[in-house]
Structure formats: C-alpha cells, structure tokens
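What follows is a set of notes on a single structure, which appears directly below.
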Amino acid sequence: MAYQNNINPNLSEDDEEPLVFKRSAASKQNQSNTDTKKLSSQRYDGQPRRVSDVHSSNGVNSSVQKGKMAPSTKASPGKSPTAIPKELSEQNKAISIKEENIPIEHPAEDNSDSDDEKPINSRLKAKINNVKKEDSDDEDDKPLSTRVNKSNVGTSGCKPSDAKERKPLVQKNGSSTIDKGKSSSLVSGKRPLDKANHAEQSAIKKPKIADSSTSIKSKQVSAKTELKADDDDMTLSQRMKKATSANKSSLTKKTVTKVSSSSIQKKIQKGKKTDKFSKYSKSTRQGPSSNDGQKKWTTLEHNGVIFPPPYKPHGVKMLYNGKPVNLTPEQEEVATMYAVMIDTEYVQKKTFRDNFWNDWRKLLGKNHVIQKLDACDFKPIYDWYQKEKEKKKQMSTEEKKAVKEEKLKQEEKYMWAVVDGVKEKVGNFRVEPPGLFRGRGEHPKSGKLKRRISPSEVTINIGKDAEVPECPIPGERWKEVRHDNTVTWLAFWNDPINPKEFKYVFLAASSALKGQSDKEKYEKARKLKDYIGDIRAAYTRDFTSRDPAKRQIAVATYLIDKLALRAGNEKDDDEADTVGCCTLKVENVKAIPPNSLEFNFLGKDSIRYENTVEVEPAVYKEIKKFQEGKKDSDDLFDKLDTSKLNAHLKELMPGLTAKVFRTYNASITLDNELYQETAEGDVLKKKVFYDTANKKVAIICNHQRAVSKSHESQMDKLKEKLSDLQSVLKELKTDLDRARNGKPPLKDADGKQKRNLTPEALQKKIADANKKIDKLKLDMQTKDDMKTIALGTSKINYLDPRITVAWCKRHEVPIEKIFQKALLAKFAWAMDVDPDFRF
DNA sequence: TCGATCACTTAGAACTGTGCTG
DNA sequence: CAGCACAGTTCTAAGTGATCGA
C-alpha cells in the first residue's frame, strides 16, 4: 500500500494505514534559531505514522461518565469495618516494589469505573485465577513477600499471537462497556453547589475567593461529623454492593508500607481506631463514581509547606567598571541569582537581561553606583559559587550522607499527608525559592525577579478536624486556612511573576487521588475508541458543510485526531507566543499541492512542531480557503476557539475534549505496536522493542528534548572508538591472511611481536570484532536518533500503563525494566491488569 | 456569551544519584 | 577511584478545560 496517506477517517478498522508522516527537522528551538545547540537535526524522517485503527464497534454507547453521579462518599477512617477484602492479584505481586517506605496503597481503587466497563468476565477470570484473597487484615500481617514478589510476570498464557483475534478488541472492551452507564443520568454538573445540600458545603467552592469562614485556628466542631457519617455509610454499602456485584471487587492493591514518619504515624493512629482500620479504610475510598459532586476527600491532614531558608550573604563583591561594589544583602541576593546564570543561554537573551536589570535596579535604587548592567562583572560571585559547588562535591561520602539526613529530618514531616486515613506522599511541599524567572522560549517576562514567598501569602487547605499546621516561620501566620474538600490542593500562593495565577501544592503522583484521576483519563480515552468511527464520519461530512464555522470545527477536529495537536487556548500578550490547533496562524500551515500540509509552529514550551503530512483533499481545500484573504499572522480558524471546539466534541461523546485525542492516539499506538511480533530474545532486546514503540509515540506527540551539551563530543568519542575497532579488524584480517600462508603476524603498534594464532582463532576474533563494530554502529545510530526525542513524557502522561504492564506479563519482562520506581508507585493501580488487556 | 478565575495535567530543564570504565 | 554517561528525580513553567459571574 504504499502508504498513501489518506487517512481516511472512516477508515475501517483495518485500515490502519499509516499516514505518511514526514517530519523533518524537528527542532527544538524557538524562533531564533540562533542558538546553536538547538538546531536540530533531522531525524524523524519519514516515520510513517499510523493512525490507529480504531473502529468503533457499533457504537455502543455507554454513557457512563465517570463518576459523577454516585453520591457516595468515602468512609471515614476508622469506620468501615467492612473493608472489602482486597485481593491481590498475582500480577500484583509481580511488581516488586521493595521496601520503600512509601505507603502506597491505595485504597481501593476502584477500578470501578473502569472496571465496570471492562468485560467483566475477563477480569473475573483473571482475578479468580490469580487472586489471593486476603482476608483480613492488614497487610502488615502478611508477608510482604507474598504480596510483592513473585514475579511471575509472564506466565499468562495468553498468547498474543493472534493478533487477529485481538483486534476486535475494541469490541471486546468496548462492548463491554456495558451500559451501565447509561443510566447515569448524566453527568451533571459538577458544580459544587449542586451537591451540597448542606449549606455549609455549598459555601465551599466559592471560597476561592475568600472564604472567610475559615479562619485560622478554628477548630470547628461542626456538623461535619454528621455529614461524614452519613456519607460514610453510604459509601460503604454502596461500594460493597458494587464490589460484590461486580465481583471484581475490590481491588485494592496495597502495597504496604512502612511508614516512617512518626508524627504522621501518630496521627494516623489517633485518627483511626486502629491501624487496621486505616488500611481498610482506604479500600473504601472513593467510589467510582463517587464523586459526590465534587468531594475529593473526607479527612485531610498534613503539615503545611516548608519555606526556603533565609538568604545568607556571602560577601563576595562583584565588580562595576572593574571596581568592587558594596551591596546590601538583598541586592547581593539578586545579583547572585544572575551571577550563577551567566554561563547559561538565558543571559544571552536581551529580554532576560532587561527584565533582570529592571527588577534589580529597583533594589539598587536610582542613585546606586551601578547604573547599567553592561558594566557589571559578576564573575567573582560566579567563581565563588562554583567553588562552593566544588566543595560540596568534594565532601566525603559520610559528610554528604549526614547532610542529606539532616535535610530529610527537617523535611520529613512535610512529605506526607493523611487523606481519608491513608498516608500519602505530598508532591511539592517546598515553597518555590526566589530566583529569576526562567520562561521558555521568548517569554516576555523571562529574567524577572521571582520574589520570596512568605507564609502570609500562603493559603492552606486542610480537613476541618485536622490540626492546622503551625506556620514554620516564627511570628508569621498563614494567609488563610480553608477546609475545602472539593479540591485536592493542600496549599497555594499567588505566582509572584503572574499574580493572577496560583502555585499549588498537591499530593504526589503516587497518591490514590491522582491515581484515580489518571485512570479515569485513560478510561475516557479508551471510550473514544467506541466513538471514533462516528466522529470521523461526522467530521468528514462536515468538511463540506455550508456553515463555515462547522467546516472549521471539522477540519480542526481532523487535525487533532490525526496529528494529535493540542487544543490551543488563547494566550495573553505577556506569555510566549506559541500556538495549538485552534490558534494556528495562517503562516503556520503551508499548502503543498496536491494535498499536503506543511506545519511549522511553536507549540507548548516553545517546542517547534514541524511536520508535513498528506491530508484528505477536502481538508486541503478547506485550509486553503481559510487562508484566503488573510494575513500571515491572522488566525487560521477565525471562527473557532477551544471552548467551541470542546463544546462540539462533547456532543459527540460525553466528556470528550481535544486533549483526549492525544491520550487516545498515544495509547492506541503503543497498544498496536506492542501487539506486533515482539522481538524474542533477552530482556534487553525486548526493552529495545518497547522503546521503539515508545519512540513512535513520542514522535507523534512531538516530545522533544534539548540535545545534551556533550552530545557532540560523545559522538566523537564513539567515532574514535569505532575507527579503533575498525583498524583492529583490519589488522586481524591481515594476520589471518598471513596465518593462512604460514606467516607470523605483523608486529603491533608498539612494535611488539604478537602471539601466533591459528586461523580459526583469528577468525573467531574477527567475528567478535565485527560483532562489536556492528553493535557500536547501532548504538551510535540510536544515540543520534534519540538525541532530541524524549520518551519519558509520553510514558508518564499518555500511555495507559496497563498496556505496558500487560505486555510485560505476556513477554516476561519485569515491569521494573520499563517503569522506574516512581512510575511503579504512580501506576500501582494498573498492576493487576490482565495480560491480554487491550487499550 | 464571554472574559476571568481556578484547578489540575502536561512538559522540558536542571539537578542528583549511580554504575561503569579505564 | 575519578570522571563519565546515563537514569532517575525534582522543579516549576506552560498548557487544558471547567466554572464563575457579570
């Protein structure tokens, strides 16, 4: 089939014909390509891109929307004796999460939603077979080993082989979607108000604004308790029901944990009746749909945030016109921020320097000796800083360890939160230290001083009954304390660079709360499979609609579907000038006859997207029309913005938005790739196979990274190594010839006589050398190919981890080879997937 | 209806740790 | 054992999209 591009939207499933995706230089840089490093290379050529085949099986539609309806709530810790037994699937065990003091465990994740959607049978089966039911108790009691190790990853029998069979996957999963959802009445609103019957609650959401109600220290008594209780009950029972019915039940995967932080531990204890309970409680949390409205948690405890230490002046004097200058500590602090950056690219940019100078100058005052940046020499401070760094590096291992431990001791209490009785890691508990704003690309605010944040700017969100964290800076207090359980943040402050924006403190990715939403994200993307056929048919139809707005929506949707473009919200003038689909400018797309489009624009993070792709003739024609009579800098889609686009998408599938296509595209691509014949061989080979699939996704999503500073020199080294090997080979060949003729080998480079070897021995050496050379060449190629491709982003954000876990099980690859520790924790919810899972 | 606000996900760079190599 | 590449983690910027409120 010579890839013809046509991506016919309606392609039937089997059509997965790859669209030709020609990508030329994907460069990572921003506009000015001046920067050398950035110039990118060309790789990516011609990678065919497959538009996945997705067929929609007759659309079943389940309207299941993630959880909006169920009123359930979580049980409060302590109660819930019920605790649904959790089963551990064997798979779970496969993962060896070792000790780690993290608690993981997430409550029962409900797989609910999703699980529900998935074929029950299969899950059941799997569970039945593998699962071990734990009854009771706590995991503590049970040997970790059991739960964890045993990696039998593979095993499963399912042979992937028949791809054919699997293809229908969609059906499989899809159909299974069962309608449970239908019912759900729909989705409704998530407005907080709705849900809140209680006045109290209702007040909550708005608080964003001010919420006076909560003031510090108030330990309120509140009705909350009652509330809670109710909810809890409900939940439980509900959940149980559900669990039972589904049989699949529970889920919880827990990972045990050994918690260490005493303080929290104490709290836990306090809070819950017993540890056991606490564990259990987790299992009850949030039901699938539990979001009763918007409730994200019932109890929340944490210790607030930690602030960076006050500035310690170093007294090193910078020079102005060659002479040392005295600076106050405040002035010195900011000078130091700049000084340590003088060897970065930021400082090369005028905007950065101007912004810095502007802000620093305010601190210096009008009459300061320093009157212009150009005459400043920050080198002494820079040198001092380098020396400090060196000193640190030179510390003995013990010293380093001691320092680390000290730091840990100070921070430990901030590292954890207790959410509904479960200890969870906090993500960013450190308040951002002052510094110079490092905007990406040509950000107009780059270089501005990002001031220090004080506690009086920080709002804390915590459970009503929890102790309000003490403000870590004596004499100061929090700006505000809220008790808003409709949000997941633990604290926030206004971004000093952009005061209208906020910086939030959230739980870590390994938390149940995040895990749950991650899972929902993938379930939604999976659901798109069932709709994609209709959606494609619809937009294809609309390419020729009489209504221009409709045509724009159709074309935009097509691009988002086919190219996995981002939606493209409007941006302010004080942000870098980047675009997404809806904000593409005329100049960003060039029509190349007969029906190709050449895209070239700066996307998120000012990463350049360059791609030429063949499109449907109708699309080609429309794009040309949209461009007619417009200036280069005009919007290509003038009748469109993301909210209109998303509103339209929502009509096609509940909950559908533009970003879902990216997730869908990425995951289905991985799934398809991994169902191709997997290279047999050792784990390393399999990993290469996996990475290749991952790479395809990264290319589709345009995930790039800067070429490392040392790339060139590294390549040079490899080249040298290669040529050394080649000369060795040559020598060996000569020796072989001589040996065959009964002559002794030539002397080596140092003039020494080499050992006499038999032709056989030499042949073997030659074969080895050839092998080495081939491997080296391959490594070099790979290294060069990958120098601008970032695999991590898709792994973390776009690829349904169940696809990977299932593949690992099928091919007996230990999951740790693919997911590092942090990802194992983040994806704990996906570990018990069936080996034959299809996205 | 629309701009502003808020919450949360996605992103690459910077930093840190670690294991290999010579 | 130092110096390195590379892997993994941390940091925080930059997106998306829902909701608010006029």
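A note on names: the letters A, B, ... follow the listed sequences, proteins ahead of strands, and every chain is numbered from 1. If you're wondering where the values come from, they're calculated on a predicted model, not measured in any experiment.
The distance from atom CG of Asn498(A) to atom C1' of dA13(C) is 11 Å, rounded to the nearest whole Å. Distance, Leu823(A) CG to dA11(B) C1': 15 Å, rounded to whole Å. If you measure from atom NZ of Lys524(A) to atom C1' of dC8(B), you get 13 Å, rounded to the nearest angstrom. When the C1' atom of dT16(C) is taken as reference, atom NZ of Lys521(A) falls 12 Å away, rounded to whole Å. Following rounding to the nearest Å, Gln704(A) (CD) and dG12(B) (C1') show an atom-to-atom distance of 11 Å. Here the P atom of nucleotide dT9(C) and the NZ atom of Lys826(A) are 13 Å apart, to the nearest Å. Going from atom CZ of Arg566(A) over to atom C1' of dA11(B) covers 8 Å, rounded to whole Å. Regarding Met415(A), its CE atom lies at a distance of 13 Å from the C1' atom of dT10(C), rounded to whole Å.
Within a heavy-atom distance below 4.0 Å of DNA chain C, the residues of residues 712-722 of chain A found are Gln714(A), Lys717(A).
Taking only side-chain nitrogens and oxygens, Lys604(A) never comes nearer than 4.0 Å to OP1 or OP2 of dG12(B).
Residue Lys821(A) places its side chain closer to dT9(C) than to any other of dA11(B), dA14(C), dT9(C).
You'll find the ring centres of His703(A) and Tyr798(A) inside the 6.0 Å limit.
Legend: salt bridge (Lys or Arg N to Asp or Glu O under 4.0 Å) pairs involving residues 490-516 of chain A, not counting sequence neighbours, sorted by first then second residue: Glu432(A)-Lys503(A).
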